[in-house]
Structures are given as C-alpha cells and as structure tokens.
Amino acid sequence: MCSCTLSFNRTLIRLFLPSILFSSLRMSTFVLASLSSLPFPSSHHCLVSNQAQPHLQTLPLISSINNCKTMEDFKQFHSQIIRSGLSGFLAEQHRMVSFCCTHGQGDMGYARLLFDEIPEPDNFMWNTMIRGYSNNSSPEAAVSLYIEMLARGVGPDNYTYPFLLKAFDRQMAIEFGGGLHAHVTKFGFCTNAHVQDALIHVYSISGEMDAARELFDKSPKQNSVLWNAIISAYNRSKKYDESCKLFAEMEELQVEPTVVTLVLVISACAKLKNLEYGAWIHRNIENFRIVPNLALLNALIDMYAGCGDIRTAWSLFENMEAKDVISWTAMVAGLANLGQVDQARELFNRMPERDIISWTVMIDGYMKANRFKEVLEIFREMQAVSVRPDEFTMVSVLTACANLGALVVGEWIRVYMERYKVNMDIFVNNAMIDLYCKCGCVENAFNIFEKMLKRDKFTWTTMITGLAINGHGEHALDLFTRMLRTSVRPDEVTFIGVLTACIHAGFIEEGREIFSSMINTHGIFPNVCHYGCLVDLLGRAGQLKEALETITNMPMKPNSRVWGALLGACRVHRNLEMGELAANKILELEPDNGAVYVLLSNLYAKLNRWEEVGKVKDMLMQRGVKKIPGYSLIEINGNIYEFVAGDCTHPRIEEIHKKMEEMGRDLMLAGYAPDATEVFIDISEEEKEDTIYKHCEKLAIAFGLLSSPAGATIRVVKNLRICLDCHNAIKLISIIYKRLIVVRDKTRFHHFSSGSCSCKDYW
DNA sequence: ATAGGGTTAG
C-alpha cells in the first residue's frame, strides 16, 4: 500500500508557497487542481468504513491507546476500534492520529491514512500532522501539508509555525524561511513569542543574522527565552562576542538569565578563550539565582579546559555528582589541546562510554601532537569497536595520512566515505587535496579541486602550495590568477604557496612582482617567512648581493630560516664569504642548529677546503650538537614502515640487505659512483661510503622494490633534505628498475622517472 | 488536547 503522504518536492513547494498566501483561506482552484493526486476529499484506499455504526456494548473489550507501546500494539488497538465501529468518531480519530504522529515509535504513513479518514480536520489535527513530519525530520512533507491545509481553507494558528519550522535544515531555511515569515505576518502571528522564537531559529540556521536580529529587536524582550534564542543564533553563527555583548545588555535591562543563558554564554567564552569573563560568570552563578545543572557544568569544564585552566576544570569534573560523555570528552579535549596527549589518553581509556566525538577528540589530539602513526592506530581501535567515523574524524585521519604519505589508507578512506555516505564537506575535500598533494599525486588532487562546488581560501591555498612543491610552478601561478578572479581572498599563507611556486620554478621576476603586490594590491604585510622566500628566490637565481640586501633592509629581525636560505644559495653558487656570514648569523641565533654545520661543511667540501671541514666538525663535537636523525617512511599494503640509517630492526631486514647489495651491483654497472661530498662529518672517512650506502631513503626504496609489484610507483617520505648522493642513485634506480619513484623531502617533491628528477637537480 | 532556549569534535 502506498504511504499516501503528499510529498511535495522543493520545486513544488517553491511554486505553491507564495501563491497559496495570496489565495489564503479560500479554496484555491489552482492549488487544489495540482493536489488532485491527494486522497481528498474521499479516499479510495479506505482503512475503515465511515458507514459503520458504533456498538457501545463492545466498548469494555477495547484496550486503551495509552497502553500501546509500539505500532504493533497500536494496529491491534486500531482493529478493535474498527470492529467496534468507533472508527468514525472524531475523538477516536484524533487520538489515533496523535499517537502515530507523536509517539516515539509512530508511523507517519499510517498517520496519513487515518488523517485522510477525517472529513474536515480542524487546525489542531493539521498541526499534529505537521508536528509528526517535523519530528520525523521531513520538513518537505511538513510544508506540503501546510500548503494543503491552507488550500483546504483551514487557517493556521500560533502552534502551526513552531511545529513547521522546527525541523528545517539549512537548505529549507534558506529557501523558505523568508516566505514563511511572510505567511506569519499576513496571518498576524508576528507578535507571538513562540512564533518569533521559531523564526529566529530558522534565520540563524540559514545564516541570515540580520533578519534574526531584526525580529529580536522588535520583540518585547521581557522574557529571557527570546534572548536565549538570539544568543544561541549568534553562537551558531560563531559570533561569540555578540553573544557576550547581549548577555551584558540583558544584565543592564535586568532581564533574569536562565540556566540556558549561562550555558550559551559560557560556551561563547570558551570559544573566545575569554577565561576572565567566563570565570566572572561562574563566580556569579548564585547572584543570577541559577542552580547549575549538568549542561552548565559541562560548559564550564569545557571553558576552563579550553582556556588552559586545567586545574579548575579538574576540580569541577571531580566534584560532579553525575558525569556524562560530554563531561569526559571536554576534559579529554582540554588535555589534548594543551599538548598533554598521554594524559588525555589515560582519561580517555577510563571513560565509561565513548561516542564518535570522544574518539574524534582523541584522534585529533594525536594529530595535533604530530603523532601520526598513533592516529592510524587509534583509528583502527575505534573501528574495531564498531564506532562509525564521520567527516570530522576523517579530516584528522586524512591529515595524518598526508603527513605519513599514507596514500593507500587515504584512498581507503575515500572509498569508505562513498560507501557509507559520509558527508564530503569542504573540510574533507581540503584534507583530501592535501593528502594527494603530499603524496605527490597532483592530478588526483586537482580532480577533487575542480569538482568542488564551493572553495574556501584553504582549498585554494592547499592546491596552489601542492602544485608548487610538486614542481608545477606555472600551474600554481595560473591557479593563483584564477583565485584572484573569485571572491575568495588570499591570505599570508596563500602567498607563501605562491612564492614557493616561483622559487621552485625559478620565476624571479614574477616572484618579485607578487611580493610587492602583497602590500600594494592585497594589503598584506609580508612577514619574516615571506622575506625568507624572497631571499631564497634571489639566492637561487644567483643574485646573492640582492639577497643579502633584502635581509639587511627587511623591517624585522631576520630569523635563522632567512639566513638559511642565503646559506643554501651560497652553497649552490659557491660563495664562501657570504656563506660564512650567514652561517655565523644562524649560529648566533641557534647554536644547536645541526643543519647549519651540515650546510657549511658541504660548502667547504665543494670548494675542497678540507681543513675548514675539519674545523666545523671540531666545533660541532665541542658544542655537542646533535644532528636531527633522518628517517624515511614508506607505505606498503596500508602499513607504514619507518627506516633510519643503518636500521636493523625491520623484520625483513635480511631480505632488504640482500636487495641493497643487488641494487649496489646494478648501480655500479650503470656507472654510479658514490658522492660523499655531502655526507656529514660525524663519521670517519672509512665509514663514509658505507653510510651513504645505507641512507634510510635507499633502505626504504629497497624495501619498496621487493614488496610491490613490478612497475608500481614507490613513494617515500623523508623528514630531512635529500642528499646529493641519494639523488644521483635514485635517478639511476628509476631507470634500472623501470619505476616511478616519488620522494617527498623536507621542502619539496622529487619525482624520479627514467633517470631524471622533476626538481631539475635544483633543490 | 499542541510550543520555546542548552553543553563536546575539523
């Protein structure tokens, strides 16, 4: 049997909602003709016979509708009613429709069948039906019924609009919020507080805060409920300082807040990180004559924890009579955001129950602490206990994948999200673009980018930077030009990406122009990172003098990265004097910067100044500087393997060493000669060659060769800059084994194919 | 006979 619900789609609603207003309360032939598919006025699918007469003697046999727990109970009750002949009675009909509409187990299809038996439903009945659809989250059906109600000449009342509007989602609110406001005005319910409240709610979800505010301003404002409604609307629109302002205004006008008001304002303080105001409200709870309930305590815990006052959060948490999952989650999030991930995990493990948000908070905590492998571990744990990830979870997991170069896991997430219809919103798409870019798959990233209907500044910035570090400088600049034609404005991060594109592609003039356009046309003042880019850009082009001038004239104190860019350029262009200057400046700022010693000794080595190489080595030993240990990551079958130089802990290390020997032989045959000029000096001469030989990226590639099918791309992520020797070797490996090898190092990508690298040996 | 505002995640 058909469900017989009138289901207008949004197109029809768009058509009828305005027209019904002008034909209000009279039968509209136009609308009624269009509603001819309705089971009205006499339905051809009667459940019951209206002709039946009641037999009062059967009454005692009828069970009470109040005892019905499920639709099954109800259907039995209904058949008793039919048999008893009571089904034509209005009171029974009302009670039965109400049951189907308002009971937790109700059934709107059934409600509609019963409703259609009522020859002339009054507006109470229509309201009940509308409420049913609303509770059912079927806003279209609710509006359809509302249109039908007006078409049949039944007037709405104060109750109609709150029911109708309550279930609106964002899209419905945008499309029909204003229209229904017109209905409210026309029918004269503008002054009813419940109706105003519902309208404020609808405007807030469609983001029309001005309209919401106008309604609020026109209201009498005596009752706190509308204040709560407008504060809640500002919170939803992330206008948290407006929420606090309104609360202050409430005080001035001596409108008494309720516990809900305080929950809203404390929550706003948490988002604003305004500990002072939040704590002040907390101290004054009694003066406000408020008895804190669970929601308020949770909001306070979140506020204190979010503002970094973990001690107060703890004491509130520990003194609570009853905690719910939100209390625990707020504490876990507070610890995680302070960087105390392990403490957060301990608390997380003690939680009596965990929901999707708790898991996501924990996952995100590991992500923010750069503990990416643990992100994947806990994500697996979460799935093992059958908690379904949502789009929030996926953003954190995708970010971890991007940092690990875990392409397979990332792809799995994409498939999962499609299969389980997880909402692919702008955050997820941005994370997906980042993943593909950081795995060296720019085309896949770009496909997602092009398919997106809405792009924010993060979308553009991620894509531009991704193209830049993958060596597609020209494409990155094209995209930037395209971005400038949209309404999305670039920010300082976007310009880092754009300048990076110029650096990697060697676009000196474009880079300079863009740098000066930052101030002149975009009103963004370059920070020290932008100056670093400019120095890098000039330095790589060999314009060392201008690079140094840039540093001398920059309006802020140059940091070690700025000097590092100059030092790098001096190494490439073999400028000893300036290189020493830059190195000294860096060591003044950061005596423990191991990378400087490497760069400087490389520079000396290139110029065959071995005595100085030795001096750098001595200096390093004296100061006890530790070089950051290098590691390489490779993902095989969805697992992440980590290699460090001379690694012996891998379970298949023997196979890997055998492969390394084979690779060594093949490389020699192909004319490879180890180049030790870039090898660092903390090892003795005789060890040198052996150590290069075992650089972790080579180990990772050897493992990649033996664990992936012929022809498969090998992707490696390295935490440091790739060395010259490995770069030479991998070029040859790409020929010998006919593989595309993608290495992401600290700053850029190297796509090795048929003996050459996308960086054009310039990195 | 029917209605209002709330706390945790990117």
Side-chain angles (χ1 to χ4, degrees), chain A residues 90-91 94-95 97-98 101-102 122-132 134-135 157-166 189 192-201 204 216 219 223-233 235-236 243 257-271 290 292-303 305-306 323-334 336-337 351 354-365 367-368 389-399 423 425-431 434 456 458:
Chain A
L90 205 57
H94 278 186
R95 288 168 61 184
V97 172
S98 293
C101 288
T102 58
D122 56 11
N123 55 13
F124 174 82
M125 277 297 47
W126 287 97
N127 289 348
T128 305
M129 283 296 289
I130 291 170
R131 173 155 74 129
S134 267
N135 291 345
D157 62 15
N158 280 338
Y159 290 84
T160 311
Y161 295 97
F163 289 143
L164 185 59
L165 298 172
K166 207 172 66 182
F189 300 117
N192 179 283
H194 292 277
V195 177
Q196 289 170 340
D197 176 60
L199 284 170
I200 289 175
H201 172 81
S204 83
F216 172 76
S219 73
N223 182 324
S224 68
V225 173
L226 277 191
W227 287 87
N228 293 347
I230 191 75
I231 293 174
S232 152
N235 274 4
R236 196 180 332 238
S243 302
T258 63
V259 69
V260 175
T261 323
L262 296 198
V263 168
L264 288 165
V265 183
I266 290 292
S267 160
C269 290
K271 302 283 196 240
I290 299 294
N293 62 5
L294 180 60
L296 181 53
L297 288 169
N298 286 345
L300 283 166
I301 289 173
D302 178 55
M303 190 272 295
K323 306 172 177 67
D324 66 1
V325 65
I326 296 176
S327 333
W328 287 87
T329 305
M331 275 312 299
V332 171
N337 286 331
M351 287 177 77
R354 301 175 194 97
D355 63 8
I356 174 65
I357 299 182
S358 332
W359 283 97
T360 304
V361 163
M362 203 54 244
I363 288 174
D364 194 51
M367 195 273 280
K368 286 201 185 107
D390 65 6
E391 65 268 32
F392 287 79
T393 326
M394 290 315 198
V395 169
S396 300
V397 179
L398 285 171
T399 307
N423 180 21
D425 64 14
I426 199 162
F427 291 89
V428 175
N429 277 306
N430 292 350
D434 190 39
D456 60 14
F458 300 99

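Lettering of chains follows the sequences in order, A, B, ..., and the numbering in each one begins at 1.
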Exercise. Kindly say if A:Lys271 contacts the phosphate of B:dT7, meaning a side-chain N or O under 4.0 Å from OP1 or OP2.
Key: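 The answer is no; no side-chain N or O of A:Lys271 sits under 4.0 Å from OP1 or OP2.
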Quiz item: OP1, OP2 of B:dT2 versus side-chain N and O of A:Ser98: anything below 4.0 Å?
Solution: no
Quiz item: Is the A:Trp227 ring parallel, tilted or perpendicular to the A:Phe216 ring (thresholds 30°, 60°)?
Solution: perpendicular
When we call it a touch if two heavy atoms are under 4.0 Å apart, what does [X] touch: a base, just sugar-phosphate, or nothing?
{"X": "A:Ser396", "result": "nothing"}
{"X": "A:Ala270", "result": "nothing"}
{"X": "A:His94", "result": "base"}
{"X": "A:Gln196", "result": "nothing"}
{"X": "A:Val361", "result": "sugar-phosphate"}
{"X": "A:Asn430", "result": "nothing"}
{"X": "A:Lys368", "result": "sugar-phosphate"}
{"X": "A:Asn127", "result": "base"}
{"X": "A:Tyr161", "result": "nothing"}
{"X": "A:Thr128", "result": "nothing"}
{"X": "A:Ser224", "result": "base"}
{"X": "A:Arg354", "result": "nothing"}
{"X": "A:Ser358", "result": "nothing"}
{"X": "A:Ile357", "result": "base"}

Quiz item: Does some side-chain heavy atom of A:Lys323 sit less than 4.5 Å from a side-chain heavy atom of A:Leu297?
Solution: no
Quiz item: Side-chain donor or acceptor of A:Thr258 under 3.5 Å from a matching atom on the base of B:dG5?
Solution: yes
Quiz prompt | Donor/acceptor link under 3.5 angstrom from A:Asn293 side chain onto base of B:dG6 | solution = yes
Atom pair distance, as rounded to whole Å: [atom1] in [X] and [atom2] in [N]:
{"X": "A:Leu165", "N": "B:dG5", "atom1": "CG", "atom2": "P", "answer": "12 Å"}
{"X": "A:Leu164", "N": "B:dA3", "atom1": "CG", "atom2": "P", "answer": "15 Å"}
{"X": "A:Trp126", "N": "B:dA3", "atom1": "CH2", "atom2": "C1'", "answer": "20 Å"}
{"X": "A:Met351", "N": "B:dT8", "atom1": "CE", "atom2": "P", "answer": "14 Å"}
{"X": "A:Glu391", "N": "B:dG10", "atom1": "CD", "atom2": "P", "answer": "13 Å"}

Self-check item: Side chain of A:Asn192 - closest among B:dG4, B:dA3, B:dG6
Solution: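 It is B:dA3.
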